[in-house]
Peer 1: 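Here you go, one structure.
All values below come from the heavy atoms of this structure, side chains included, with hydrogens, waters and symmetry mates left out. Remember, it's 1-based here, ligands and their atoms both numbered in the order they're listed.
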Amino acid sequence: MFVTHLECTSCGLRHDWSRLQNLCTACGKPLFAVIDLGAVGKLDGLKPSSLRETLRAREESLWRYRELLPLPKDAEPISLGEGGTPLLPAKKFAAGLDVDLWIKDESLNPTQSFKARGMSVSVSMAKYLGAEKLAVPSAGNAGGALAAYAARAGLEAHIFMPRDTPRANIIECRELGAHVTLIDGLITDCGAEISRRKEKEGWFDMSTLKEPYRVEGKKTLGYEMAEQLNWKLPGVILYPTGGGTGLIGMWKAFDEMEKLGWIDQKRPRMFSVQASGCAPIVRAFEAGEKFAGEFANAHTVASGLRVPKAIGDFLMLKILRESNGGAIAVEDEEMIRTVREVGSAEGLFVAPEGAACFAALKKLRASEKIDSGEQVVIFNTGSGIKYLDVFKSI
Ligand SMILES: *Cc1c(COP(=O)(O)O)cnc(C)c1O
Ligand SMILES: [Zn+2]
């Protein structure tokens, strides 16, 4: 087994990984899977350090990190070829900014966003542990990713979306065979509806950080980036932040890699980029708070960032502070303008969420929160193609 147990991120209580689990049964906070790092490689008669060298020959998907993922060796992953995305230099956009800029282009994932990473691993685990009906609230890409992997796994997907979710996301879920319910409200209202009905309906709640394995899929962002940079992490990471699984997952990956002896103790400075219309983490970071209060009247066209209250808030805030990074908000109008700037400079039609990071980079350079010459990695988490309405209206 690659995972030994689940551990609460807040109170440390241990939980059994071998049955379906949501939040900590004592304190209601997220659970992390603890990977048996001592055993990594041993199954193949390798030392952990030599496992790193064997990766090169493996498949170009996140399942190349098989021993670092929770799915038992004898179980078949539910896969559509997720991960293995390119890390591209962005020299033209960086001209004048004087930074060594790279884009991790996650729009090439199945269902065109990095949500595929989390869903591939979490749906694999849910199926292995006996779930039959999976439910998720989604204001954007999570629904499509769950629909795709549930279809692939032969499981039911129940997706709750705010009525004003981009049309492409709603259509995508339906065409992938999911049961879609539109709610007059925000993603938090969708989540509440699932909580209310899940027991009676027999749904397993796949919400961000409310089960322990989506973050395991997202942590592969960290492994992949490290491998692509020859096991040297960049100076700065800009991450468009909603629920924060990518940020939290990468940080977990860095810890695991250090324990494996694959990287040293140096960490990138992590920056959360949010929308001005929904910036709970920015607000809490600036106020020096440990938790982030709910952001009232949340609105932004970057649907992945429209998360007014995140259950992993305390984990994100800790990472931003420990890494000596920060949090910054960008106006919608700026994001939309920046989509074209990135597109015409680099040939990528990025999601507004990805564009937000490019806009944030300019601000962080202007305020000298990022120094000249630093290596910066931006995560373009999705494709602009799912947000066409946004471009028409501006
Ligand atoms: C979901 C999503 C995000 C936010 O990711 P979290 O892990 O929830 O912080 C960013 N960008 C896009 C395109 C998304 O779909
Ligand atoms: Zn707990």
Side-chain angles (χ1 to χ4, degrees), residues 6-15 21-32 104-109 111-119 122 136-146 161 165-166 168-169 172 187 191 206-210 212 214-219 221-222 237-251 270-275 278-281 292 300-316 319-320 327 330 335 339 349-357 378-387 390:
L6 303 174
E7 196 170 275
C8 177
T9 52
S10 181
C11 76
L13 185 70
R14 283 182 171 227
H15 294 64
Q21 302 271 12
N22 287 111
L23 295 167
C24 174
T25 51
C27 75
K29 296 294 183 199
L31 299 174
F32 265 3
K104 183 79 173 138
D105 187 19
E106 289 292 300
S107 70
L108 291 171
N109 276 297
T111 67
Q112 295 78 52
S113 91
F114 76 151
K115 292 291 193 301
R117 290 182 189 263
M119 289 303 180
S122 59
V136 81
S138 172
N141 291 307
L146 177 69
M161 306 181 106
T165 297
N169 301 108
E172 178 186 35
I187 189 165
M206 299 284 279
S207 302
T208 295
L209 290 166
K210 286 192 186 166
R214 278 176 67 182
V215 72
E216 289 295 298
K218 289 278 187 82
K219 84 179 179 187
L221 288 169
I237 284 177
L238 301 185
Y239 179 82
T241 305
T245 38
L247 190 83
I248 295 165
M250 277 193 271
W251 200 250
M270 311 287 278
F271 286 87
S272 268
V273 180
Q274 297 200 300
C278 181
I281 299 301
T300 168
V301 297
S303 46
L305 307 186
R306 213 179 339 148
V307 182
K309 173 82 187 142
I311 191 162
D313 54 355
F314 66 107
L315 298 170
M316 288 187 260
I319 292 165
L320 300 179
V330 173
M335 285 181 214
V339 169
F349 185 17
V350 299
E353 292 87 341
C357 295
I378 281 178
F379 286 83
N380 174 44
T381 44
S383 167
I385 206 82
K386 289 204 202 169
Y387 301 77
V390 164

Peer 1: Taking the side chain as everything from C-beta on, heavy atoms only, tell me whether Pro137 gets closer than 4.5 Å to Ser207.
Peer 2: yes
Peer 1: Between Ser10 and Cys24, is the side-chain contact (heavy atoms from CB on, under 4.5 Å) condition met? List the steps.
Peer 2: CA-CA 9 Å; Ser10 181; Cys24 174; over 6 Å; no
Peer 1: Are any of the side-chain heavy atoms of Thr111 and Asn141 separated by less than 4.5 Å?
Peer 2: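 No, their side chains stay 4.5 Å or more apart.
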Peer 1: Rounded to the nearest 10 degrees, what's the angle SG of Cys27 makes with SG of Cys24 at the Zn ion (ligand 2)? Could you check?
Peer 2: 110°
Peer 1: Looking only at heavy atoms, which two atoms of Asn109 and Glu106 are closest? And how far apart?
Peer 2: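 That closest heavy-atom pairing would be ND2-OE1, 2.7 Å.
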Peer 1: Within the 4.5 Å heavy-atom criterion, are Tyr239 and Lys104 side-chain neighbours or not?
Peer 2: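 Counting from C-beta outward, Tyr239 and Lys104 never come under 4.5 Å.
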Peer 1: Mind checking what residues have non-hydrogen atoms under 4.0 angstrom from ligand 1?
Peer 2: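 Its neighbours under 4.0 Å (heavy atoms only) are Phe114, Lys115, Asn141, Lys218, Tyr239, Pro240, Thr241, Gly242, Gly243, Gly244, Thr245, Gly246, Gly304, Glu353, Thr381, Gly382, Tyr387, given by chain and number.
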Peer 1: Can you tell me how far apart CG (Leu247) and OG1 (Thr241) are? Round to the nearest 0.5 Å.
Peer 2: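 Going from the CG atom of Leu247 to the OG1 atom of Thr241 covers 5.5 Å.
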